[in-house]
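Okay, structure first, notes after.
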Amino acid sequence: MNGGMPASNDAGDRAPLGNHGLALRENQAAAEIETGALNRELSTICWSTAAILLSFLGITHLGVMLCFCLGARVSPFIAPAALLGSLVAADWIARREDLRGRRRLAPPVIALSIVGAGLFFAGSFFDFGWDGQWYHQTAVYQMAHGWNPLRDPLHSFSPDLETWVRHYAKGPWYVALALFQTTHHIEWAKAAPWIALAASTLAVFAVALEFGRRRRVAFVIAALVALNPVVLCELASYLVDGLVASFLACFLAAMIGSFRRPGRLVPWVAGISAILCINAKQTGLVYVCFAVAAGGLFVLLKRRDRLARYVLVQSSAILVGTALFGFNPYVTNTVHRGNPFYPWAGTAANPGFSQRERDPNERYETPANLVGRNRVYRLAYSIFGRPGAQPVTGGLDAQLMWPFDVGWNDFNMFRIHGVRVAGFGPLFSGALLIGLPLLGMALVRPGVPRLVLALLAGTIIASLLIGPHTWWARYAPQLWWLPVVAVIGGLAVPNGRTAPWVATGLAAVLLANAMLIAFAHFRWEIAATRTLREQMAFLRAQESVEVDFAYFGESFGERLRAAGVRFRAVRRLQCANPIVLMSVAPGYPGAVRAGIQGANLPASLSSP
């Protein structure tokens, strides 16, 4: 008896449920396939856009060099032609990656928007960077006025900046020169940092998608990598350390992505970003070589069948970057000074700074209590120090700080372009203390790409020990990525609870650190730019203006001429109450001063 209850047919009941479960799994599989296809298409769009942006900078560089080789002045059509060429080349590669229809229009539209935005933001701010005005802008103006660095590499300049202009990497100067010849606006010509920032964001986002990260997670990873405080604080200037970081991020992302995605698009991004990084700064060559060595070790251990091709491709990129694109300085320094890394390294006949014991960073830029200390001590002191710019301003000695013992003044220090101590932000030390155990936790968990994480972290740490000045964030911007590697490792732990949650919190700390730095810096940049515009408008209305340019005669002089100010350069002002023009970051020496007989600057126009 069944007590009046209907009889149960177990097999009949289970069949519909089993069919329903099977259908659910099939729908989930179909959704995953569709999501994977969409992510791959989105990744292709991002790689293609990054290729356009990087190719634009690279072709511009090559076009300027071609003009110099021919002994001709740089044409105003170099930059537009380079942009057109990059659009055509990237479109050809994208079509081979099966990017069709309307989606094929996305990369050029996005790239053109980024270039336009880069020009707009570059033109919205004056360059107040000390080195930017001292020798970066001067080099661009000198080339615009006829200096040919390929035919006349040892041209005579003012003794105080001759070494830097002659012997430093010139890639960003070539791009700025082409943009200056096109736009006739020196501030617009510093658009490369904005373009490189966008390219690095796109490249890292694309490689994160390639490795199966969700779009939201991929975007967070891309933001963490790209929003390096060194990059953020140099966006509005001609300083090049942020460019090194952005190009190196593009290269690492493309090198990793090339192992997952065959074809020509991603290796093209890797090659052009390596060339740009090598020619942004001499340390760029060193850091690219570290990255190539790490990639080579991975290939040797995991993809030995691709070792010969890897060595050929990477060595070709380095050779092209140094011997062709980097003819000046790498070849010219070797020929004339015996060492491609002159003036930091030299020979017995042409000693470098360290050999002459006349290292300018050691003498003028290093906090007094770090002078003469070993590299590990300096690095540790800088990481766990309170943000400061000693000995230039804020005293002579660096100061230590407990992690997370942070106030707004610590963030506000980042109105300065080159914060020396704690240059990655006041929250970085605490983030590093969280990140290192998290990375260790991820490295012992199964299912995590342990070799990749270990190579990334190991390469970052090893690269910090190559020189005496990597304690300064601008000389080793890759240190910012060490806790980011920990975030990536923590998020990659399968079926974990603690590690992903810790990684999420760490990502939030790093993003908050970067955003507050950006806010502090650009709040000052906006106020400083507004003040200088008002000051120049005031000076323009005066009949006779004397100006003491200190170290910035060419760059700031051209700035005043472009603003229509009539002035006479003097070494000593005659008036009793000179006007301190907005020209350098607060506390820095060498501010430009102007004198007007019988006139004083209104209080509302004083420097912020």
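The analysis underlying the following values was restricted to heavy atoms, covering all of them including side chains, and did not include hydrogens, waters or symmetry mates.
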H136-D127 side chain donor-acceptor pair, cut-off 3.5 Å: no
Can you pull the side chain to side chain donor-acceptor pair (under 3.5 Å) pairs that have at least one residue in residues 72-90, sequence neighbours excluded? none
For residues 103-121, dump all side-chain donor-acceptor pairs below 3.5 Å to protein atoms at least two apart in sequence or in another chain.
unit_1, atom_1, unit_2, atom_2, d
R103, NE, E41, OE1, 2.4
R103, NE, E41, OE2, 3.4
R104, NE, D91, OD1, 2.9
R104, NE, D91, OD2, 3.4
R104, NH2, D91, OD2, 3.1
S113, OG, V109, O, 2.8

Quick one: does T334's side chain have a donor or acceptor within less than 3.5 Å of a partner on N339's backbone? no
Any heavy-atom pair between the side chains of L84 and F77 that's under 4.5 Å? no
Would one find more than 12 heavy atoms of other residues, nucleotides or ligands at under 6.0 Å from atom CZ of F157? yes
What pairs with F325 under ring pair (Phe, Tyr, Trp, His ring centres under 6.0 Å), at least two apart in sequence or on another chain? H61
Under a 4.0 Å N-O cut-off, is there an ion pair linking R261 with E210? yes
I'd like to check the ring pair (Phe, Tyr, Trp, His ring centres under 6.0 Å) partners of F180; sequence neighbours left out, ordered by chain and number. Y141
Contact list for residues 188-205, test salt bridge (Lys or Arg N to Asp or Glu O under 4.0 Å), sequence neighbours left out: E187-K190
Pairs in or reaching into residues 115-125: which pass salt bridge (Lys or Arg N to Asp or Glu O under 4.0 Å), with residues at least two apart or in two chains? none
Hey, are the side chains of F522 and L235 touching, using non-hydrogen atoms and a 4.5 Å cut-off? yes
Report the residues that fulfil ring pair (Phe, Tyr, Trp, His ring centres under 6.0 Å) with Y342, sequence neighbours left out, ordered by chain and then residue number. H167
Name all pairs fulfilling the ring-ring contact (aromatic ring centres under 6.0 Å, His included) condition that reach into residues 471-494, sequence neighbours left out, sorted by first residue then second. F428-W480, W472-Y475
Going by ring pair (Phe, Tyr, Trp, His ring centres under 6.0 Å), name the residues that satisfy it together with F298, two or more places apart in sequence or in a different chain. F259
Could you go through residues 262-270 and list every donor-acceptor pair under 3.5 Å that involves a side-chain atom there, pairing it with any protein atom two or more places apart or in another chain?
unit_1, atom_1, unit_2, atom_2, d
W268, NE1, S55, OG, 2.8

Quick one: which residue pairs count as a salt bridge (Lys or Arg N to Asp or Glu O under 4.0 Å) with a foot in residues 53-72, not counting sequence neighbours? none
May I ask you to check whether over 12 heavy atoms, not counting those of W194, lie within 6.0 Å of atom CH2? yes
Pairs meeting criterion salt bridge (Lys or Arg N to Asp or Glu O under 4.0 Å) with involvement of residues 237-255, two or more places apart: D241-K281, D241-R474
